[in-house]
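Structure first, commentary second.
When reading the values below, keep in mind they use all heavy atoms of this one structure, side chains included, and skip hydrogens, waters and symmetry mates. Predicted model, so just to flag it, every value in this text is computed and none were measured. Ligands are counted one by one from 1 in listed order, and the atoms in each one are counted from 1 as well. Each residue takes its place number in the sequence, starting with 1.
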Amino acid sequence: MAPAFEDNNSETLPSSFSSGSDDGVLHKSKVTVVGSGNWGSVASKLIASNTLRLSSFHDEVRMWVFEETLPSGEKLTDVINRTNENVKYLPGIKLGKNVVADPDLENAVKDANMLVFVTPHQFMEGICKRLVGKVNGDVEAISLIKGMEVKREGPCMISTLISEQLGIAVEKFSEATVGYRDNREIAEKWVQLFSTPYFMVTAVQDVEGVELCGTLKNVVAIAAGFVDGLEMGNNTKAAIMRIGLREMRAFSKLLFSSVKDSTFFESCGVADLITTCLGGRNRKVAEAFAKNEGKRLSFAIWSFDDLEAEMLQGQKLQGVSTAREVYEVLSHRGWLELFPLFATVHEICVGHLPPSAIVEYSERKPRLSLLEGSTQYY
Ligand SMILES: NC(=O)c1ccc[n+]([C@@H]2O[C@H](COP(=O)([O-])OP(=O)(O)OC[C@H]3O[C@@H](n4cnc5c(N)ncnc54)[C@H](O)[C@@H]3O)[C@@H](O)[C@H]2O)c1
Ligand SMILES: O=P(O)(O)OC[C@H](O)CO
């Protein structure tokens with residue numbers, strides 16, 4: 001059983017202090033982070049630095065770790081709790097003594113009333129199934145996940161998946177933007193939990209817009225990586241990013257008419273797109289894919305799975321699976337010709353087109369006639 005961090009669970013306040021509850025006791029929020037990858041560990045560190053100084057939160061931040069055995073033979077959770085460092089996914093960074101790694105998912109969430117979901121999106125269906133009936137009824141949740149599911153009935157945002165499976169309201173966080181639906185007060189509480197002097201967080205009333213920015217930018221990052229791998233230069237890369245941002249906005253507004261143009265100018269939009277197309281994992285692996293196109297391993301050509309395993313040491317790509325999921329939606333709705341960049345990225349990832357197609361196909365002007373009355377999205 002994971003250790004607990006000793007902190008004062010609640011304190012009796014002077015009668016003059018309004019604790020927002022009728023018993024005069026300050027009821028502190030308890031945070032659990034579900035996920036401990038690179039971003040999951042960073043988020044835990046950010047949150048833990050704030051829970052120590054904010055009286056409205058328990059000091060301890062519990063972090064669920066997908067347990068694995070390290071080459072040394074030790075369990076990752078044990079090493080994190082002994083060294084206070086996620087030596088595999090965030091090496092060299094101390095997380096804060098009040099971060100407690102817990103390999104037992106149900107145990108990690110059982111006392112929490114604030115849940116932070118931050119695992120690669122492909123694992124969320126299974127995680128939600130395990131959490132049904134295991135979370136507190138009054139829990140608030142936020143998703144930091146950049147991805148979506150595609151169901152028979154269409155695309156399903158991860159925040160919706162969590163809401164529907166666990167029956168809880170879920171906000172969204174992408175980079176430094178919290179997307180909320182209608183409760184500004186809860187949104188501000190999440191902003192408070194993530195904000196630091198070096199990490200400014202803002203809240204916008206556009207959950208779907210924030211979530212789709214984080215999801216779709218990974219597809220554009222793959223395209224940017226192809227451009228880098230083919231050494232096509234910055235002008236081509238800038239054009240791909242521009243077309244990508246245009247398709248991100250059009251696709252988002254077609255799926256959810258509530259999505260706001262202004263969201264694409266927040267950190268989760270253009271800023272995240274720039275950073276991920278200049279330095280992200282998706283870009284890096286796509287660059288290697290384009291450079292090695294056609295080269296053969298002893299038994300097969302380079303595949304994204306091979307490159308992910310080879311280059312990311314356990315970290316997971318999101319852009320390749322998202323490109324497939326987006327392609328499914330485009331194909332099902334007859335929108336393939338409207339989104340040449342998104343469609344081409346998937347065709348390249350699955351080997352139907354060479355990486356060089358990223359320029360030839362993406363420059364095609366979408367046939368707006370396909371979307372009667374929807375041309376305002378372009
Ligand atoms: N890394 C970043 O800079 C960054 C920034 C913002 C958002 N994100 C998003 O946050 C989410 C989490 O990414 P990350 O960077 O923390 O993870 P990661 O890619 O660094 O690590 C992969 C994680 O998946 C876990 N895992 C592997 N197999 C699993 C399984 N079967 N079930 C459950 N977990 C399993 C691993 O233990 C590890 O914690 C992603 O959607 C990502 O796009 C990442
Ligand atoms: O490394 P990437 O491509 O997963 O991007 C990481 C973050 O999402 C960048 O904001």
Atom indices of ligand 1, in the order listed, that fall short of 4.0 Å to a heavy atom of Glu68 =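 Checking each atom against Glu68, I get 37 (O).
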
task = Number the atoms of ligand 1 from 1 as they appear, then name those within less than 4.0 Å of a heavy atom of Gly314, with their elements.
result =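 That gives atoms 22 (C) of ligand 1.
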
ask   = Does Asn234 CG have over 12 foreign heavy atoms under 6.0 Å away?
value =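 Check fails, neighbour count at 12 or below.
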
inquiry  = Can you confirm whether Met311 is buried at CE, in the sense that more than 12 heavy atoms of other residues, nucleotides or ligands lie under 6.0 Å from that atom?
reply    =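 Counting other residues, nucleotides and ligands, CE of Met311 exceeds 12 neighbours.
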
key: Derivation and outcome, salt bridge (Lys or Arg N to Asp or Glu O under 4.0 Å), residues Lys172 and Glu208   = CA-CA 8 Å; Lys172 168 65 193 172; Glu208 285 75 18; over 6 Å; no

key: Thr263 versus Asp206, side-chain donor and acceptor atoms under 3.5 Å   =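 Side chains of Asp206 and Thr263: pair found under 3.5 Å.
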
request  = Verify whether one side chain among Glu211 and Ser159 offers a donor that lies under 3.5 Å from an acceptor in the other.
outcome  =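 Their side chains do contain a donor-acceptor pair, which is all the 3.5 Å distance test asks for.
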
Polar-atom distance check: [X] versus ligand 1, any N or O pair below 3.5 Å?
X	result
Phe123	no
Lys146	yes
Ile145	no
Gln318	yes

Give me the atom names and distance for the closest heavy-atom approach of [X] to [Y].
X	Y	result
Gly244	Val220	CA-CG2, 3.7 Å
Gly179	Val207	O-CG2, 3.5 Å
Met157	Gly147	CE-O, 4.4 Å

query = Which of the numbered atoms in ligand 2 are below 4.0 angstrom from a heavy atom of Gly280?
reply =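 Counting from 1, the qualifying ligand atoms are 1 (O), 2 (P), 3 (O).
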
query = With a cut-off of 4.0 Å, which atoms of ligand 2 are near a heavy atom of Thr276?
reply =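 Ligand 2 atoms under the 4.0 Å threshold to Thr276: 2 (P), 3 (O), 5 (O).
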
Please report which non-hydrogen protein atom sits nearest to [atom], along with the residue it belongs to and the distance in Å to one decimal place.
atom	result
atom 7 (C) of ligand 2	Lys217 NZ, 3.5 Å
atom 19 (O) of ligand 1	Lys316 N, 2.7 Å
atom 8 (N) of ligand 1	Trp39 CD1, 3.4 Å
atom 38 (C) of ligand 1	Tyr89 CZ, 3.6 Å
atom 4 (O) of ligand 2	Arg281 NH2, 3.0 Å
atom 9 (C) of ligand 1	Leu144 O, 3.8 Å
atom 1 (N) of ligand 1	Asn38 OD1, 2.8 Å
atom 17 (O) of ligand 1	Gly37 CA, 3.7 Å
atom 18 (P) of ligand 1	Arg281 NH1, 3.5 Å
atom 9 (C) of ligand 2	Asp272 OD1, 3.3 Å

task = Could you tell me whether Asp102 and Arg62 make a salt bridge, using a distance below 4.0 angstrom between a side-chain N and a carboxylate O?
result =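 The answer is yes: the pair qualifies as a salt bridge.
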
message = Please confirm whether Gly35 approaches ligand 1 to less than 4.0 Å, judged on its heavy atoms.
response =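 In this structure, Gly35 fails to qualify as a contact of ligand 1 - no heavy atom is under 4.0 Å.
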
task = May I ask you to check if ligand 2 and Asn282 share an N or O to N or O distance below 3.5 Å?
result =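 Such a contact does occur with ligand 2.
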
key: Whichever hydrophobic residues join Val210 through chains of side-chain contacts under 4.5 Å   =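 For the cluster that includes Val210, the remaining residues are Val204.
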
ask   = Under 30°, 30 to 60°, or over 60°: which ring-plane class applies to Phe199 and Phe173, parallel, tilted or perpendicular?
value =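 Rings of Phe199 and Phe173: tilted, as their planes differ by 30° to 60°.
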
Side chain to side chain contact (heavy atoms under 4.5 Å, CB included) partner of Met148, the single match among His121, Glu325, Met124 =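 It is Glu325, the one option of His121, Glu325, Met124 that forms the side chain to side chain contact (heavy atoms under 4.5 Å, CB included) with Met148.
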
message = Counting only heavy atoms closer than 4.0 Å, does ligand 1 sit against the backbone of Thr119, its side chain, both, or neither?
response =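 Near ligand 1, Thr119 shows its backbone, while the atoms from C-beta on stay back.
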
ask   = Is the shortest heavy-atom distance from the side chain of Phe66 to the side chain of Leu105 under 4.5 Å?
value =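 With C-beta onward as the side chain, the pair stays apart.
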
task = Would you please determine whether Lys146 falls within less than 4.0 Å of ligand 2 on a heavy-atom basis?
result =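 Checking ligand 2 against Lys146, which is what was asked, there is a heavy-atom contact under 4.0 Å.
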
